[in-house]
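Only one structure is covered here, and it is reproduced in the block below.
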Amino acid sequence: MKFFVDSAEIDAIAELNETGMVDGVTTNPSLILKSGRDILEVTKEICDLVEGPVSAEVVATEADAMITEGRKLAKIANNIAVKVPLTWAGLKACKTLTDEGQMVNVTLCFSVNQALLAAKAGATFISPFIGRLDDINLDGMDLIADIRNVYDNYGFETEILAASIRSVNHIADSARIGADVITAPPSVLKKLADHPLTDKGLEAFLSDWAKTGQQIL
Ligand code: G3P
């Protein structure tokens with residue numbers, strides 16, 4: 001499974017990238033606002049830092065304008081994945097940009113039928129939003145499982161990019177179901193390594209080591 005960082009904060013992405021765990025990055029207009037940065041500048045910096053796909057989202061709502069914006073974003077770097085919303089206009093833009101050889105991430109997916117349409121439009125990634133379904137008392141993980149099942153039934157190659165992840169449990173469950181990619185905020189990704197028994201065990205080892213009076217270096 002690939003790990004993407006859902007952020008436009010360069011420092012946070014760089015810190016995680018040092019561990020080798022970062023396979024790509026996803027951004028959206030809200031994350032660009034949070035960063036306080038210019039979209040073209042910050043996206044270029046992210047693309048220089050991370051080898052894998054970096055999603056940059058269009059903000060037009062008509063297909064032709066989405067395509068124009070997508071082509072502009074694609075010029076930032078070779079690893080851009082143009083992100084379009086799951087609307088009819090977005091699906092048309094997805095088809096055109098995909099036919100031009102561009103990676104496309106179709107976002108704001110909340111149903112298996114929407115995921116089918118994205119796959120038919122040739123999307124590189126489909127982004128079902130887990131947390132936002134949980135927020136309205138539905139089960140986001142059920143959607144990931146449904147899409148996995150339906151895509152496998154027909155051999156669709158569109159990668160399932162589980163998004164709107166709020167907890168480490170969402171990540172473990174996405175892996176169990178077989179999502180191709182998860183994208184999560186740095187705060188959630190950093191919790192993946194946490195375990196109280198790791199902390200307790202390390203404390204005991206260091207305490208015993210101090211009693212030996214030895215040094216490695
Ligand atoms: O990349 C978009 C997605 O991950 C948004 O997450 O937490 O705003 O629902 P959230």
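Atoms within a ligand are numbered from 1 in the order they appear, just like the ligands themselves.
- Judged purely by atom type and a 3.5 angstrom limit, T27 uses its side chain to pair as donor or acceptor with the backbone of S55.
- Per-residue contacts place N28 under 4.0 angstrom from the following atoms of ligand 1 (heavy atoms of the residue considered): 1 (O), 2 (C).
- Side chains of T183 and T26: a donor on one and an acceptor on the other come within 3.5 Å.
- In this structure, the side chains of L86 and I126 come closer than 4.5 Å at one or more pairs of heavy atoms.
- Ranking the protein heavy atoms by distance from atom 1 (O) of ligand 1 puts D6 OD1, 2.8 Å first.
- Of all the heavy atoms in S167 and V188, the pair that sits closest is C-CG1, 3.7 Å.
- Listed by atom number, the atoms of ligand 1 under 4.0 Å from R132 heavy atoms are 5 (C), 8 (O), 9 (O), 10 (P).
- At a heavy-atom distance under 4.0 Å, only side-chain atoms of K83, from C-beta outward, approach ligand 1.
- Looking only at heavy atoms of the protein, atom 6 (O) of ligand 1 is closest to S164 CA, 3.3 Å.
- Annotation: T183 places no N or O atom under 3.5 Å from an N or O atom of ligand 1; distance criterion only.
- Connectivity analysis of hydrophobic side chains (ILVMFWY, heavy atoms under 4.5 Å, direct or indirect) links L206 to L202.
- Where the criterion is an N or O separation shorter than 3.5 Å, residue side chain and backbone included, T26 fails it with respect to ligand 1.
- Among all protein heavy atoms, the one lying closest to atom 7 (O) of ligand 1 is R166 NE, 3.1 Å.
- At least one donor-acceptor pair under 3.5 Å links the side chain of D134 to the backbone N or O of G140.
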